[in-house]
Amino acid sequence: MKMLEVKNLCISFGGLHAVDRFDLSIDKGQLYGLIGPNGAGKTTVFNLLTGVYKPDEGIVKLEGKDITGLKTTEINKAGVARTFQNIRLFKEMTVLDNVKAALHRSYRYQTLTGILRLPAYYKQEKAMDEKALELLEVFDLAGESEVLAGNMPYGKQRKLEIVRALATNPKLLLLDEPAAGMNPQETGELMETIRFVRDNFEVTILLIEHDMKLVSGICEELTVLNFGEELTHGKTTEVLNNPEVIKAYLGE
Amino acid sequence: GKKDSGDSSSSEGSETFKIGGIGPLTGPAAVYGIAVQNGADLAVKEINEAGGINGKQVEFKMEDDTHDAEKAVNAYNTLKDWGMQMLMGTVTSDPCIAVEAEAEADNMFLITPSGTAVDCIKGGNAFRLCFSDPTQGIKAAEYIGEHGVGKKIGVIYDSSSSYSKGIYENFAKEADNHDLEVVAAEAFTADSNKDFTVQLKKIKDAGADVVFLPIYYDETALILKQAKDMEFDTTFFGCDGLDGLLSVEGFDTSLAEGVMLLTPFAANAEDELTKKFVADFDAAYSQTPIQFAADGYDAIYAIKAAAEEGGITPDMSASDICDALVTSMTKIELKGLTGTISWADDGEPDKEPKAAIIEGGEYVMK
Amino acid sequence: MKKKIFKNNMITYALIIAFYIVMQVMITTGSISSLLQGLLVPLCMYAIAAVSLNLVVGFSGELSLGHAGFMCIGAYASAIFSRVTEDSLPDLPRFLIAILIGALVAGVFGFLIGIPVLRLRGDYLAIVTLAFGEIIKNLFNVLSLGKDNEGLHVSFNDAAVMELGEGGEKIVDGALGITGTPRDSSFTIGIILLLLTVFIVVNLVNSRTGRAITAIRDNRIAAESIGLNVTKYKLMAFTISTTLAGVAGVLYAHNLSSLTVKLFNYNTSILILVFVVLGGIGNVRGSIIAAIVLTALPELLRGMANYRMLIYALLLIVMMLFNWAPAAIHFRERIKSKFSKKQEVV
Amino acid sequence: MGFLSYLINGISLGSVYAIIALGYTMVYGIAKMLNFAHGDVIMIGAYVVLTAITGGINPLVAVLISMVVCTVLGMTIEKVAYKPLRNAASPLAVLITAIGISYLLQNIALIVFGAAPKSFPDFIKVPALKLAGGELVISGVAMVTIGACVVIVVALTFFVNRTKQGRAMKAVSEDKGAAQLMGINVNATISLTFAIGSALAAIAGVLLCAAYPSVTPYTGAMPGIKAFTAAVFGGIGSIPGAMIGGILLGVIEIFGKAYISSQVADAIVFSVLIIVLLVKPTGLFGKNIQEKV
Amino acid sequence: MAMLEVKDLDVYYGVIQALKGATFEVDKGEIVALIGANGAGKTTILHTVTGLIPPKRGEIIFEGKDITKIPAHRIVERGIAHVPEGRRVFADLNVYENLKMGAYTRKDKHEIAESLESVYERFPRLKERLTQRAGTLSGGEQQMLAMGRALMSKPKMIVMDEPSMGLSPIFVNEIFKIIEDVKAAGTTVLLVEQNAKKALSIADRAYVLETGSVVMSGKADQLLNDDGIKKAYLGE
Ligand SMILES: Nc1ncnc2c1ncn2[C@@H]1O[C@H](COP(=O)(O)OP(=O)(O)OP(=O)(O)O)[C@@H](O)[C@H]1O
Ligand SMILES: Nc1ncnc2c1ncn2[C@@H]1O[C@H](COP(=O)(O)OP(=O)(O)OP(=O)(O)O)[C@@H](O)[C@H]1O
Ligand SMILES: [Mg+2]
Ligand SMILES: [Mg+2]
């Protein structure tokens, strides 16, 4: 069964067909790339997949289960997590709490338990701390667990967003330009980490990126969007050598 | 001077009586509190110049309650710390009810100059100078009925004010007994007390021949203006709250022509006491006193009369003073600005309301 | 961080308890002024109101200008209960039940109102809560309620219309409100309720639920994307806050023998907001201190006579500038860092 | 006939709310702050006019003087009390300071002018319009108020949309830093907004007290709150919204009193507001802007 | 004499020092690149130059005149435009209004119209979207708008903060071409970039920034071949 199956997805804003008859199909465990020129509708696809926008038409299936039109919260519960192109951290919270907030559904206790500080509170909080630190460790952020998220440099904020998404224990992880604002060296490290995550967290990854080094370095397959429509899809090397893609997107 | 008033260890061996006052000195009701304060100050000054009470000087201190029950209790406690022996206050009803409960517990003598709600003088320690709400409502209905002012009554009252609502309700009850019909009773609240066109129109349409206004004069001024604009020509009849109407700065008194009011005090009454008071008041504050000022003035004189009757001295405790005054209050008769007053056991005053009609920009007593 | 929070909370509790002990000692030795003694219950009440509002404004990030409305509901509900059962229940249990009733009724209203209203954001939420507070005020203002041998009678018109029969007694009398409520509030109970409020709020905030609430405040869309139920947690914060506001209302109603709606207007809602903001948004201890300072300040300024409220206003502005203006904050930081540097040298 | 006359009364009451609301909205649009002191600037404006007129100054000149005084007052308040908090960590800080200013103005007025209400002379000498044989009366003040309201809305709309200063205001309201990078003097623009808002407050004060001729230190408080409600009702930040919101509020208030109950008129007004906002969460004219994710 | 001289800048955020004696200069007609890691202080330098942040110490001299204490809006009048980090377009205004905003300091209607045309020519996408609210543009479209808006003031010098961030590869090339065009049209460019390789390839000279100070400077092509730079900033 496919991890993600999207059929005939459409949305328009006013007269603009931001995403038009879009199909996508991703296998379990894949590292899949979504690329395309600026304004092609990539972020909009993410917004449709995560319920931020409701599609005008089309079906989204996650492991065969129809999740079209569900609320963002429910889609996350179904197993989709994401990061944002313009970073959306909980800025006034610590790095650790950002991650713990995302562990919300995995480690439960009643509100009253929390207020009364019953033993379950301490047990679950401790477990959460451990889990969160473990995740932060992967991205080399454990040392900053007590820093306010908003006070961190840009690159680290991007990484923290990935950790936070990962903490909801998703089946499918959507990354929107994870390397934006990073220098080549940091991007290189990030590539390693993304691969590591895919391998060790049993998660399928769909990412948007303009950094071709990253895309060609880690994506197995690509779909190219142009003016809301699919231009082509296929193996990364094939797609990147497709003359149409070069003309519309890569240049040179 | 050596008038050390801040010292709280007062009562023993003290040479002066300490009378406290409480009322709104800031906030939307400040005009009433300040009037009472000014009237009382004037009375205290006169008394001290005339040798004081039982030969002892009087100190008077007024504290602000912003027309709020909780602040009034704070004011009361502040005055207690100051060494208050008798309380003249509070000026408005709701705070008075709260303070009265404290005063009763402390057995502190209390006379409210203008708290009209029944519960203001619940305890045995408390007296009232003005008419209570029921009294005013009943007397107004009586007067309108007996003097044939009209038959069909429209009422505009302030449903957010216990004073106004209290009078109105008692008036409505009593109206039946005098063959009066309340054809329209329209409310407003402190939050929307600017536009009365709707109330007036409804009353006009109901065919009222008298409009009863158990409210204060500032709103009345607006009502009269709006009635004139809509050419609603009728008799307006009010209670003591209307006193002050003619002295509103800049008010076009022709609007008030023919307005009747039932009030114990009118600033242009011809008796000597009133004339002197108005002149002194004007000299001190360059204003014409409203009824609240007269209430404050009379309340202080009531204390003086009772104090002399009971023969109290400044070194007595507040509680002893209270016991003495409670007995003597029912024995005295005060010839005050607001009438000749005697008091019953329950603390209610017994005095005659005077009816006045505004003619030619003057109150004319009936 | 955890340790720091824990320590911080302990300081808050310790300060409250220390305050209580000092006051009790002063009361027993008779060295307390009547004014201060009279202020003790109101201080507790305002502190509770401020801490509870902080849950909404500080942690949930919503601007509510109707907090006084919920205090009003708590006050009236409990006062009616106490008046009705005055003769049939002993004091303490009656008051405890009254507290529960006040809290519960205010909480239920908070919940019901919260459902539609919390969809709004920012200033729109503020105006709707303000409007709600005014509606409550207006309705209670014209509410008459009486009891006689046949039971309770309610009227939203004139009390004159409500003909009470044999043994009739008015309990709520329109604008005059409720008079003669048993005066069950005491400083001790006030402090216990304040401690309880602080306990509930700080423990809530530092729990899983609290994290969800603050996350939603910081970024609603991101919070949704990690599966947090926005409506649920906003509503929860709001309801808990209104419940506690109800408790503050109960304290008020049972402290004075006159209860009218006048206190519970938007000015009071705003005043409580002033406590919260001046004390530092999201800072529970700050809320309490600000509530105490700003409640006591007008009383301390009584000596200034006519200028009292003027000076109060000026001080409020100056305190706000000192606490919040970035320039003032930098200045304070610089002084602080200089000071700590000097200490290091020594 | 009742209906029509209620409607006219509603519109004229509403026009006063509308003019106050316009000042609110202007300032809100730029400073993103609820200027709770706005109502009290109105009160000061009214006192100034009154003092000038009783001092024998021509009413029109008096109104101009009042506008100047209020403008200076508004700009000073902004400079002293609001500007230092412009970059404060929370937008609520400046809201609270505005409340402090409101208390301050009320208490200054209390000390300077006293607590007693002062009546306003009839200085707008426009004759009333009588229709339907005297059944329907539109007072001169009402006509002037409604007229003034329309003129102000048109002028403001033109100013904000068509002039350079107006565009600068929009830019400043969105991003002060970026506006500076365009060459916009942010301080001057904000000052200008407060100046306009305060001048409007002066006009509102005059018209309020012409229609309801009584002024006390607390005269501005309740109309201020109502106008704030009106501004939100119409969609805060929107100029036509403020006008429509104000007028609707006036009409609802009057109709509520006339046809439902004068006792719960306040509750009716606020209930309608709540219902409208639940249906249209950003007010009648507010832009419902979806955040781009 | 250099067009822009920056001497010994110290800048603080509260108690945090972000710049420590930063010194550099830009000659007329040059493209000068500033490179450095995250948080090195690049953005801070640009903000200080265009007057958004006051420095605690140091001097900024533009065309021989001291502009250190001049407020931001006056600096624009003197001819420096700024393409800020994160674009900061006016989200609620439409594309056209945003562009007009860029010409705020200019008076001549005719010249403004000319500039508009040349912006449309450089960024045809903007012309298609004149009435779209800027807040709903895609990331790349917003970047074009920010650039177009800055050009609308007809600056003598333009400072750009990471203009290629979030742009598609074809458009990154495009942007760098546009930057070269801008230079060719006589405008001086001060460029901050994470994409150091691209930046150095079009720049005349460059400065390397570390924790608030300039640690290295030189001709762009020299730096491009410097081993240290290669390792630290070019990811090779
Ligand atoms: N809420 C909206 N209203 C109107 N138009 C929108 C909205 N959201 C997106 N668009 C438009 O839809 C198109 C696709 O935008 P989207 O953000 O998906 O682009 P993208 O492929 O992610 O581009 P980039 O790589 O630049 O981020 C753009 O032209 C954008 O202007
Ligand atoms: N508003 C602020 N308050 C406090 N510290 C700040 C602020 N802005 C920047 N800093 C700090 O100043 C330093 C320099 O920041 P700056 O934004 O100039 O770096 P940069 O070189 O532009 O980095 P990036 O490549 O991430 O954009 C950093 O340590 C940053 O954390
Ligand atoms: Mg995108
Ligand atoms: Mg930067």
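What you see below is based on every heavy atom in this structure, not just the backbone, and it leaves out hydrogens, waters and symmetry mates. In what follows, every chain begins at residue 1, and chains take the letters A, B, ... in the order their sequences are listed.
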Counting only non-hydrogen atoms closer than 4.5 Å, does [X] touch chain C with its backbone (N, CA, C, O), its side chain (CB onward), both, or neither?
X      : result
B:T66  : side chain
B:A75  : both
B:A117 : side chain
B:S161 : backbone
B:D119 : side chain

Under the criterion salt bridge (charged side-chain N to carboxylate O under 4.0 Å, His left out), I'd like the reasoning laid out for B:D64 against C:R308: C-alpha separation, chi angles, the key distance, then a yes or no.
CA-CA 9 Å; B:D64 183 14; C:R308 177 170 88 105; 2.7 Å; yes

Against chain B, label [X] side chain, backbone, both or neither, depending on which of its atoms sit under 4.5 Å from a heavy atom there.
X      : result
C:T260 : side chain
C:E134 : side chain
C:N265 : neither

Here the gap from C:N306 atom CG to B:T26 atom OG1, rounded to the nearest 0.5 Å, amounts to 9.5 Å

Working to the nearest 0.5 Å, report the span between CG of C:N141 and OG of B:S162.
9.5 Å

Minimum heavy-atom distance B:K122-C:G180, with the two atoms named:
NZ-CA, 4.1 Å

Which pair of non-hydrogen atoms, one from B:K71 and one from C:R302, has the smallest distance, and what is that distance?
O-NH2, 3.5 Å

Closest-packed option against chain C by number of heavy-atom pairs under 4.5 Å, given B:E100, B:H67, B:M62:
B:H67

Just give me the residue among B:S160, B:C96, B:G27, B:A72 that pairs up with chain C most often, heavy atom to heavy atom, under 4.5 Å.
B:S160

Pair count under 4.5 Å, heavy atoms only, with chain B: among C:V261, C:N138, C:N255, C:L39, highest is C:L39

If you define the side chain from C-beta out and look only at heavy atoms, does anything of [X] sit under 4.5 Å from [Y]?
X      : Y      : answer
C:L256 : B:V73  : yes
B:E70  : C:Y46  : yes
C:D173 : B:E169 : yes

Does C:S258 use its side chain to pair, donor to acceptor, with the backbone of B:I97 at less than 3.5 Å?
no

Kindly say whether C:S34 contributes a backbone atom to a donor-acceptor pair with the side chain of B:D81 at under 3.5 angstrom?
yes

Can you list the steps and then say if B:D191 with C:K137 is a salt bridge (charged side-chain N to carboxylate O under 4.0 Å, His left out)?
CA-CA 11 Å; B:D191 291 344; C:K137 192 182 91 177; 2.7 Å; yes

Under-4.0 Å salt bridge between B:D68 and C:K262:
no

